[in-house]
Every structure is written in C-alpha cells, then in structure tokens.
Amino acid sequence: MADSAHVDTFARDHLPPPSALPEFLFDRPELQLPPRLNVAAELLDAWVAQGQGDRLCVQGEIDGQPVRWTYAELQQRANRIARVLVHEMGLVSGNRVLLRGANSPMLAACWFGVIKAGGIAVGTMPLLRERELLPIVDKAEITHALCDARLADALHAVQAARPRLAQVLHFNGGGGAGSLEAAMAAQPPSFATVDTAADDCALIAFTSGTTGVPKGTMHFHRDVIAACRCWPRHVLRARADDVFIGSPPLAFTFGLGGLLMFPLAIGASTVLVEKASPDVLPQAIAQYRASVCFTAPTSYRAMAAQAAQHDWSSLRKCVSAGEALPAATRLLWKQATGIELIDGIGSTELFHIFISADEAQARPGATGVPVPGYRACVLDEQGRELPPGQVGRLAVKGPTGCKYLADERQAHYVQNGWNLTGDAYLVDADGQYVYQARTDDMIVSGGYNIAGPEVEGALLLHPAVAECGVIGAADEARGQIVKAVVVLKPGFNGDAALVKELQDFCKQTIAPFKYPRAIEFRTSLPRTETGKLQRFRLRDPA
Ligand code: 3UK
C-alpha cells in the first residue's frame, strides 16, 4: 500500500479491514499482474504504443452526428479530459469523479480521462434523480463531476445541496463556451497516464440494490484487468475484428465490462448507443453490423418476437446476464436467430461474470460452470459445502471480490473468505450450476420450497404469456401461496378461463404443487434500469 499513487487516500482509508476481505485467487498464469497497473494504460495507451492507434475503437453519435473514433482518437480525447480535470478542475489523484450520462463515445472518453488522471470513476445510472444521487455523492465524498448536458438539471440540484461537489463540467451539449469540449480544445492531446498501483482503486460502482442505502463496491485497477483475462478470454472468446454492442449502461459493471473494457482488451471496437431498448437495438445491430451483443433476458425475449423484421447476419455471439435466463427465452432466441445464448451470472461486487457456459456447453435451465480463475460451491446455512442436487447459498471466490466502501454489509456478502451473492443454487450431477432464486425470494408454501423463477420458466412456455413474475403471497393456511403476475401478449384476454388454462399448463410442465394458485394480469412489470424484475414491488404494490 505504501507505493499507492493516490494523493487523496479516501479509497484506501475506507476499504474493509483485511480480515473482512474475501480470499483472492491469482493462481492462473494470466493472472500474474505487475505491481504497477493502470486500466487506461493497458486498454488504450498500449494499443497506440504498439502502432495500432488507427484501429477502429468506438462508434456512436454525438449531438445526432455519427462518430467513429480510432484508438488514437479516443486516447487523445481522454488525454485532453485528463488535462482538464487536473489543470482546470483541480483534480488530485484519488479524488472521486461522478460520471453521468447515457452510453455515448464521450462518456467513454470521460471514463478513460478520469482513470488516466488517477481519479476514481463513479458511474451513475442516467435515470437517477437528485434524491438518488445525493447518497452517492455523500458516501463516495464526490468532489468532481462530468455530466451529459441533457441530464444537467438533477445534478445542479445536487450541487446546490452539496458544496463539496464544486467542480462540474458538461458534455454532449453542442460544445459551446464553458462546456467540457471547449475546455478540451484548449488543452494539448497528450498526457502521461498516472502510474497507479495495481491495488489503487479505479472505480466505485454502486449496486442497483432494491432496498436500503446503496452500497459502493470498490474495484482496483487489477480487478478490471483480471476480469478481462477470465470470462472474456475463456468463455466469450471474441476476436479483434468483432463489433460489440448492447444495452447495459456503463455505470453498471455488466455494461462497463461488456461494452468498454472487454472489447478494448482485445483491440476490438464497440458501439455505444444511448437508446438500446429492444425496439431499437435490432436496428442498431444491423446498421453497425455488430457481432457481439450484451443485454438482459427480457430484452432477448422481446427482440425474438420481432426477429423476422430484422437483419441479424452480422451477429455471432449473444450474452445474457442480469437475471436468470428462462429455457423458453434461450429456445426462442435460437429459433429466431440461430444463435445459442451465452448465459452468465455476474455481480457488481465481483465486477463481472463468474459462472457461465459458452455456446457449446450451454444447457437450457442451467447457468454453467465456474469461469476459469473462479471457484464456486453451494453452502448450507452453517457454511458447510452441500453435495450435488441440494439447494443452498452460492459461494464464489476468484481474482475479484467484494470490497464495500465503508459498509457494515461487507460481513453479509463475505463470510469465511467466500463471496455470498444472495442466490440459491444447486449443482447438478454434471457439475452445472442451476439457479433457483434470490435467497430472499424462495417461496415456502405448505412446507414446500418453491423457486419463483422455475414457475416463471413454465409460464413463459405458454403462447399467451409475454412476461411474468412469480412471488409468494401471504396465505393463512399455507403460510405463502405461489402467485403469478402475468403480462399477456396482444390478442389474449385475462379472464377466468385463461387463469385456469395457465394453471393447468403449469401443472403439466412442472411438479403440480408448484402451480400458481393466484394469477393477476397486468400491462407491465416493474423493472430496474438494468432490466431486473423488482419482485418486492410485486409483493407490495405501494
Ligand atoms: C442476478 C443472475 C441468474 C443474481 C451483473 C453480469 O447483474 C449483475 O450485477 P448486479 O449486482 O446483480 C447481481 C445479481 O443478479 N443475476 C445476474 N446474472 C444472472 N441470476 N442468472 C444470471 N445469468 O441474483 C446476482 O447475484 O446488478 C451481471 C455482469 C456484471 C454484473 N454486475
């Protein structure tokens, strides 16, 4: 720790104590990382230094105009931003810089600018409002921000309430006087990337948690590089000529890894589009001839429904994460595009995917096996390892792991060196990990343990069902009953006959005791910005 490059020691000072950290595994040859490491030096400067600066790096739009930047062009913009941060905004290495904006090439340049200057990037979801930004600014003691001009209002309100956040510049607003772009234009395009220690903090990612104060997960430079060398290398196996695209925001580590770190780690290019909802993503895939796609299971399901209208011929690899992938969705996508989805479970705490299966290993209903570099097991309530076939708590360790910023909940996520993700899993006879539910979402009805996602999987096989969520509803006789909230496809009517039909359908598809005794029809389901179903809002509509 003595040779940290950070002048501002906030991150180091607020790490969990060593005894509360998970065990880290670096036993693979590709995980032997040097003591000095900077993500921007590895992913950006190194390509330019190797004479690869003219390769295409990032595409998208700025102010409605198409953008195509090479590695050298992104590097020069990041360099100018680093200079603006240091020389105009008074950034000192180790300061936290809030980033606010939808995915765009400029947001990527800002991210690298912060990292080059030795700052700590704190990405925030574009939809967050003042009351959600305030706890992040407080918790991470944020002093600087780079913000998309179209999202300036909420941040102005935060600034008014928090004098600490004194330095803010805006981008993507036309580049007029006072903008980040104008400040960049006054700086030369070179910058000496700060020589950070491998265990200096590079980013703090806040969890998309459903309850309580958001948790900040700290990630070192080495965590990001280690993640680039595990799942992408061994499971995704993309190539330098691949074009990455997808929906998750760069503020979400699923998006930061999949749409920025992983393509740049192999010299590939990425498309950063502001809107990547299922109704516009297919068009963007065709327009940019994208070959590797990252999005959530519900998005694949929605895109599959309109597959016939689009050109998927450029697409090679499709990654699903964020929530469990129903077997029905895997099948629909394969039928629509011919592509076998790559499912993977990751978390903000571990940065990215740690259990997954490539196209060849993929099995409907299973997530896959531990990614090389990671180890996993299923534990009982006492922390003992369970044999195959039994449902328990998923435990993981690898080169990355949970480091909450000053948070008591570290002791919930990390126990005896394992990261406990809060998921109920079983390992089947083939060693495949089979997702059951979030531990808190297991339904106990009449003495049976029932996993809501399994019932959802059954309902999704019925032709009338567009989307659904299954929860436990309080019941005097049974403690809980299985309740399904269903969104129907157009042309279906949610009447008593359909309720009966869906119930019978479930009884034929899975063990009859799991069928939903109550079914409610709605026009949409509550989801987070990252595509996760908010079950707590189904349970308690208020
Ligand atoms: C759930 C899954 C079943 C699971 C994430 C890939 O989702 C990500 O991070 P979050 O912190 O949530 C983590 C939790 O989400 N989950 C994610 N993927 C799957 N459940 N199958 C899956 N394939 O409950 C997990 O504990 O928002 C995903 C990469 C980076 C990420 N941050």
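Bear in mind the structure is a predicted one, so any value in this text is a computation, not a measurement. Sequential numbering from 1 along the given sequence is applied to the chain's residues. Atoms within a ligand are numbered from 1 in the order they appear, just like the ligands themselves.
Cation-pi geometry between Arg222 and Phe24 is satisfied (NZ or CZ under 6.0 Å from the ring centre, within 45° of the ring normal). Cation-pi contact between Lys403 and Phe220: present, with separation from the ring centre below 6.0 Å and deviation from the ring axis of at most 45°.
With 3.5 Å as the limit, one finds no donor-acceptor pair spanning the side chains of Tyr435 and Glu323. Checking Ser291 against Asp242 by side-chain atom types alone, a donor-acceptor pair falls below 3.5 Å.
By the criterion of a heavy-atom distance under 4.0 Å, both the backbone and the side chain of Phe254 are placed next to ligand 1. Contact annotation for Asp343 and ligand 1: only side-chain heavy atoms (C-beta onward) come within less than 4.0 Å of the ligand. Within the 4.0 Å heavy-atom criterion, the part of Asp423 lying near ligand 1 is the side chain and not the backbone.
Residue Ala324 approaches ligand 1 through these ligand atoms, each under 4.0 Å from one of its heavy atoms: 3 (C), 20 (N), 21 (N). Applying the 4.0 Å criterion to heavy atoms of Thr348 picks out, from ligand 1, the atoms 9 (O), 10 (P), 11 (O), 27 (O), 32 (N). Close approach of ligand 1 to Thr421 (heavy-atom distance below 4.0 Å) involves ligand atoms 26 (O). Under a 4.0 Å criterion applied to the non-hydrogen atoms of Thr253, ligand 1 contributes the atoms 30 (C), 31 (C), 32 (N). Of all the atoms in ligand 1, the ones that sit under 4.0 Å from a non-hydrogen atom of Phe351 are 30 (C).
Between Leu325 and ligand 1, no N or O atom pair is found at a separation short of 3.5 Å. Residue Arg438 places at least one N or O, backbone or side chain, under 3.5 Å from an N or O of ligand 1.
With sequence neighbours excluded, no residue forms a salt bridge (charged side-chain N to carboxylate O under 4.0 Å, His left out) with Asp279. Annotation: side chain to side chain contact (heavy atoms under 4.5 Å, CB included) contacts of Asp241 (sequence neighbours excluded): Arg239.
The neighbour count for Arg129 CZ, taken as heavy atoms of other residues, nucleotides or ligands under 6.0 Å away, does not exceed 12. The number of heavy atoms from other shown groups lying within 6.0 Å of NZ (Lys489) is above 12.
Using a 4.0 angstrom heavy-atom cutoff, Gly422 does not count as in contact with ligand 1.
Relative orientation of the His14 and Phe10 rings is tilted, given thresholds of 30° and 60° on the angle between their planes.
Nearest-heavy-atom check against atom 23 (N) of ligand 1 across Gly344, Pro453, Ala321 picks out Gly344. Taking each of Glu349, Lys532, His352 in turn, the one with a heavy atom nearest to atom 27 (O) of ligand 1 proves to be Lys532.
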